[in-house]
Every structure is written in structure tokens, then in C-alpha cells.
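The structure presented is a predicted model; accordingly, all values stated were derived computationally and were not measured. For the numbers below, each heavy atom of this structure counts, side chains included, while hydrogens, waters and symmetry mates do not. When a ligand or atom number is given, it counts from 1 through the structure's own listing order.
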Amino acid sequence: MLQANGAEAEEEEQAEEDCPELVPIETKRREEEEKPGPGAKIPVTIISGYLGAGKTTLLNYILTEQHSKRIAVILNEFGEGSAVEKSLAVSQGGELYEEWLELGNGCLCCSVKDSGLRAIENLMQKKGKFDYILLETTGLADPGAVASMFWVDAELGSDIYLDGIVTVVDSKYGLKHLAEEKAGGLINEATRQVALADLIIINKTDLVPEEDLSQLRTAIRSINGLGKILETQRSRVDLSNVLDLHAFDGLSGISLQKKLQYVSATQPHLDQNIITVTFEAPGNAKEESLNVFIQNLLWEKNVRNKDGHCMEVIRLKGLVSIKDRAQQVIVQGVHELYDLEETPVSWDDDAQRTNRLVFIGKNLDKDVLKQLFMATVTETGKQRTTHSKEGQVCP
Ligand SMILES: Nc1nc2c(ncn2[C@@H]2O[C@H](COP(=O)(O)OP(=O)(O)OP(=O)(O)O)[C@@H](O)[C@H]2O)c(=O)[nH]1
Ligand SMILES: [Zn+2]
């Protein structure tokens with residue numbers, strides 16, 4: 001919780017007064033031309049990446065590049081002291097308007113959620129003055145935790161939607177960060193960030209020879225067989241690769257269908273044992289059974305690989321066929337959260353319906369997953385519906 005004392009409240013008021021007028025005349029005209037409907041949702045792109053990888057450089061680049069968007073930025077940086085100043089800027093056509101928001105100190109693991117939410121709630125009070133949000137997480141953040149808050153907060157969910165997760169990787173230190181071992185065999189931060197990314201930007205390519213770059217590329221691909229990988233200097237990237245990805249909604253159904261056909265299953269690398277697994281399976285799933293399948297993996301975490309190790313899914317994506325539904329359904333999962341959403345794409349009447357699923361995570365075994373999924377779809381296998389965690393949950 002953020003504790004607002006008198007002084008802070010005053011400062012806030014002051015900041016409010018000092019705040020420059022955010023909507024210049026040209027923008028008003030533009031607003032009148034293409035006013036978004038009252039229910040129009042604002043996309044949020046999460047920019048993650050290890051300390052110093054080039055996240056802020058990417059933000060600044062996006063803000064100064066030519067685009068037709070009014071972008072609001074939330075920086076969620078580590079800082080000194082108990083109250084960290086974080087900036088919020090609204091940019092229009094390359095001009096930068098800035099004001100400062102005081103947020104609770106971001107201990108990432110525990111309070112980033114609150115402070116992040118608070119920042120966005122504050123921002124949403126200025127609704128209508130921007131049409132895109134970029135959120136830079138701190139270098140050690142798990143973007144999954146940040147992504148989750150857009151899903152769990154229904155009120156926020158009616159205003160904004162998660163468009164995509166972009167992870168910036170440092171060419172020089174990326175491999176080292178990815179290989180870092182954590183106590184208790186936990187997945188390190190850099191690997192999580194790569195695993196969850198819809199776009200991975202390998203930045204600072206000026207600092208390393210091609211050979212190193214190629215090693216890093218291989219390591220990244222071994223973790224995430226789904227995300228797009230780009231290489232940059234100073235995070236200069238074509239913005240169409242960063243914005244409006246629709247990586248988490250039904251709109252991505254069409255592109256996902258194509259994309260899933262080219263997803264590469266990957267081999268473990270760097271001992272982190274995080275890989276991408278993908279399979280196809282024919283048939284129609286009962287929605288209930290599909291939920292049980294997903295919940296066993298993401299909630300109960302009681303699905304083991306052949307060596308008896310529990311599977312840990314970080315990211316799940318897929319197109320599935322649900323019984324008696326004409327439309328393809330997209331499955332999206334991040335850590336423990338998931339949802340099923342109908343896409344605008346219909347199944348072919350005559351053709352066999354094929355489910356396609358992609359999992360990114362630890363200790364994954366394609367055969368085991370596919371078997372379990374098939375059992376779900378055909379309902380020949382035993383479904384585990386108990387919620388007993390004893391002796392089954394992985395640490
Ligand atoms: N050589 C080189 N330096 C870069 C490049 N991109 C960014 N930098 C520098 O790397 C440093 C870190 O960049 P930032 O954009 O602040 O990185 P960040 O990920 O936001 O860092 P934190 O927020 O501290 O985690 C800055 O000094 C940048 O100028 C690049 O392509 N090549
Ligand atoms: Zn930064």
C-alpha cells in the first residue's frame with residue numbers, strides 16, 4: 001500500500017498544477033477526427049530486460065520516432081531510498097511532456113504490483129490524452145507478474161489490455177545472465193524474461209563479434225521458440241515489431257495460426273532446462289476437460305515428466321477446438337493465469353479440427369503433454385479433478 005502523508009499529497013497537488021497542458025490544439029483536432037469510442041481499450045506493452053540492457057533507450061527511441069500515437073510511459077525503475085521517483089511522460093509526435101509520479105518503493109517481488117497498478121490507475125484518470133501505454137519494468141522484474149495484473153484486475157481490464165511483452169537482451173552480458181545459477185534450481189530472471197517475450201531484442205550488437213551474437217541467438221531460441229528475435233544497436237527497431245502485436249488477445253488468432261505452424265520445438269541449453277515444446281492434436285475438447293488439463297499444469301503443477309520432475313509452465317499459447325463451437329479458441333497462459341477466448345476465425349466445416357499448443361517452461365516433455373492432452377480431448381484417459389496438493393505440488 002502506498003502511504004500518502006500530507007506532504008506527499010501537497011506535492012502531488014503541486015505536480016498536478018505544474019503539469020503542462022497535455023493536449024495541444026492539433027491533438028484535439030485529431031481526437032475529433034478519430035475519437036475512440038467510450039469503450040475503446042488502451043494497449044499496454046511491457047518492456048522487460050535485464051539491468052542495463054537498453055530498455056530506457058528503447059522507450060526513448062519509440063517516443064522520439066515518428067508515429068501517430070500518443071504514448072504514455074510508466075518507468076518502474078530501481079532507485080535509492082524509500083520513495084522512488086518514477087517518471088511518467090506523455091509524448092505526442094516526438095514532443096515529450098513529463099510529470100512525476102511518486103510511487104511506493106518497488107521491491108519488485110512484493111510491491112511492484114501495487115505501485116504498478118497505482119501508476120496505471122493514475123494514468124487512466126488522464127484517459128483520452130493518450131492511446132498507448134509503454135511500461136518499463138525494472139531489470140530484475142518477472143514480466144509475468146506485471147502481465148498478471150492486467151488479467152486479474154477486472155476494473156483495469158475494462159480500460160486497457162496487454163498487447164505484448166518485449167524483452168531487451170544485452171549482447172555482451174546476455175549469455176552470462178541467462179546462464180546464471182540460482183539457489184534451489186530456480187529459473188533466473190533473464191531466462192524468465194526471454195521465456196515470456198513476444199519479441200526479443202538483442203541490443204548492443206556493436207559490442208560483440210558475430211560469433212558471440214550467434215551463441216546468444218542460439219541460447220535465446222532454445223528457450224523461446226515462439227517469439228520474434230531482432231538485433232539492434234541503441235534499441236533502434238522498426239516500431240511495427242513492437243507496438244500493436246495483439247499477442248494476448250483473440251485478434252492474434254489469425255496470425256497465431258500461421259505462426260504456430262513454424263514454431264520450433266527446442267533443445268535445452270545453458271542448463272536452465274527451459275524449452276519450448278509444441279504439438280498438434282486432432283479433435284474437439286470439452287471446455288471443462290480442457291480447463292482441467294490446463295489447471296493441472298498451471299495450478300496444481302502435478303504433471304511430471306518421464307524423470308518424475310514436475311513441469312513448470314511459464315507461458316502457454318495455443319489454438320484449440322472446443323466442442324460445439326464454430327470458432328477457433330485461443331488459449332493464453334502466463335504462470336498461473338490463463339484464459340480462453342474465441343477468435344474471429346471459424347473452423348473449416350469439413351476439415352479435421354487440429355489443436356495446436358505451445359508451452360514454454362521447465363522440465364517439459366512433449367510426449368507426456370500430448371498424451372495428457374489427447375486424453376482430455378478424447379476423454380479416454382483418467383482426469384484428475386482433485387485439488388489435493390499434498391505430495392503432488394512441486395516446490
Ligand atoms: N554500446 C551500446 N550501448 C548502448 C546501446 N543501447 C544502449 N546502450 C547504453 O547502455 C546503457 C544502458 O541503457 P538503458 O537504456 O538505460 O538500459 P535499461 O535496460 O533501461 O537499464 P536499467 O533501467 O538500469 O535496467 C546506457 O548507457 C545506454 O546508452 C547499444 O546498442 N550499444
Ligand atoms: Zn531503464
Side-chain angles (χ1 to χ4, degrees), residues 44-65 71-81 83-91 94 96 98-109 111-112 115-116 119-120 123 133-147 164-178 180 188-217 220 227 229-239 241-243:
V44 183
T45 293
I46 296 176
I47 298 180
S48 101
Y50 213 79
L51 300 165
K55 301 179 290 295
T56 305
T57 307
L58 175 63
L59 276 179
N60 287 334
Y61 176 68
I62 297 174
L63 290 178
T64 49
E65 261 306 88
I71 298 177
V73 168
I74 298 170
L75 294 179
N76 205 347
E77 305 262 17
F78 261 137
E80 303 283 309
V84 188
E85 258 191 336
K86 281 140 195 179
S87 86
L88 174 146
V90 175
S91 148
L96 195 66
E98 199 168 46
E99 60 175 345
W100 292 89
L101 279 184
E102 188 106 324
L103 299 175
N105 188 12
C107 157
L108 278 174
C109 342
S111 73
V112 70
S115 56
I120 291 164
L123 195 58
I133 299 175
L134 296 174
L135 196 163
E136 176 184 341
T137 66
T138 51
L140 295 175
D142 175 356
V146 183
I165 299 177
V166 175
T167 296
V168 187
V169 179
D170 188 319
S171 293
K172 197 166 162 113
Y173 299 107
L175 213 50
K176 187 174 147 221
H177 296 147
L178 288 173
E180 208 169 279
N188 66 44
E189 290 84 4
T191 302
R192 280 187 189 279
Q193 293 170 350
V194 166
L196 280 163
D198 302 294
L199 168 68
I200 298 135
I201 297 177
I202 303 182
N203 187 40
K204 307 194 188 183
T205 56
D206 53 306
L207 298 182
V208 292
E210 169 54 34
E211 196 186 320
D212 294 10
L213 213 52
S214 151
Q215 267 189 357
L216 179 59
R217 214 182 292 127
I220 288 172
I229 301 178
L230 295 173
E231 291 167 18
T232 60
Q233 293 182 8
R234 305 245 146 233
S235 305
R236 297 175 71 87
V237 61
D238 188 331
L239 296 190
N241 289 306
V242 179
L243 307 176

A student checking ligand 1 against Glu136 at a 4.0 Å heavy-atom cut-off should list atoms 20 (O), 23 (O)
Check: of Arg234, Arg236, Lys172, min heavy-atom distance to atom 8 (N) of ligand 1 comes from Arg234
query = Measuring to the Zn ion (ligand 2), does Thr57 have an N/O/S atom at a distance below 2.8 Å?
reply = no
Next item on the list: Start with the C-alpha gap between Ser171 and Asp212, add the side-chain angles, then the distance that decides, and say whether side-chain contact (heavy atoms from CB on, under 4.5 Å) holds.
Entry: CA-CA 8 Å; Ser171 293; Asp212 294 10; over 6 Å; no
- Query: With a 4.5 Å heavy-atom cut-off, do Ile202 and Leu213 have their side chains touching?
  - Reply: yes
Hey, does the side chain of Thr232 reach the backbone of Val237 with a donor-acceptor pair shorter than 3.5 angstrom? no
Under 3.5 Å, N or O to N or O, is Gln233 touching ligand 1 that way?
no
Ligand 1 atoms nearer than 4.0 angstrom to some heavy atom of Asp206 are 1 (N), 2 (C), 30 (C), 31 (O), 32 (N)
| query | Any sub-3.5 Å donor-acceptor pair from Gln193's side-chain atoms to Asn188's backbone N or O? | reply | no
Do Thr232 and ligand 1 have an N or O pair less than 3.5 Å apart? no
Distance col, row Thr191:OG1 vs Leu178:CG, nearest 0.5 angstrom, shows 5.0 Å
Close approach of Gly49 to ligand 1, heavy atoms, under 4.0 angstrom: no
Of all N, O or S atoms in Glu136, the one closest to the Zn ion (ligand 2) is OE2
Report task. Keeping the roles fixed (side chain from Lys55, backbone from Gly49), state whether a donor-acceptor pair exists under 3.5 Å. Result -> yes
inquiry  = When you compare ligand 1 with Ser235, is there at least one nitrogen or oxygen pair between them that comes in under 3.5 angstrom?
reply    = no
Judged by heavy atoms only, the candidate from Thr56, Val208, Leu59 nearest atom 20 (O) of ligand 1 is Thr56
Counting both backbone and side chain atoms, is some N or O of Leu58 under 3.5 Å from an N or O of ligand 1? no
Determine whether any heavy atom of Val168 lies closer than 4.0 Å to an atom of ligand 1. no
A student checking ligand 1 against Thr57 at a 4.0 Å heavy-atom cut-off should list atoms 7 (C), 13 (O), 14 (P), 15 (O), 28 (C)
Is Leu207 close to ligand 1, meaning an N/O of one under 3.5 Å from an N/O of the other? no
| query | Passes side-chain contact (heavy atoms from CB on, under 4.5 Å), Asp142 versus Leu196? Steps please. | reply | CA-CA 9 Å; Asp142 175 356; Leu196 280 163; 3.5 Å; yes
task: Answer yes or no: does atom CD of Glu211 have more than 12 heavy-atom neighbours from other residues, nucleotides or ligands under 6.0 Å?
output: no
**Prompt:** Within the side chain of Lys172, is there an N or O that forms a donor-acceptor pair under 3.5 Å with the backbone of Asp206?
**Reply:** no
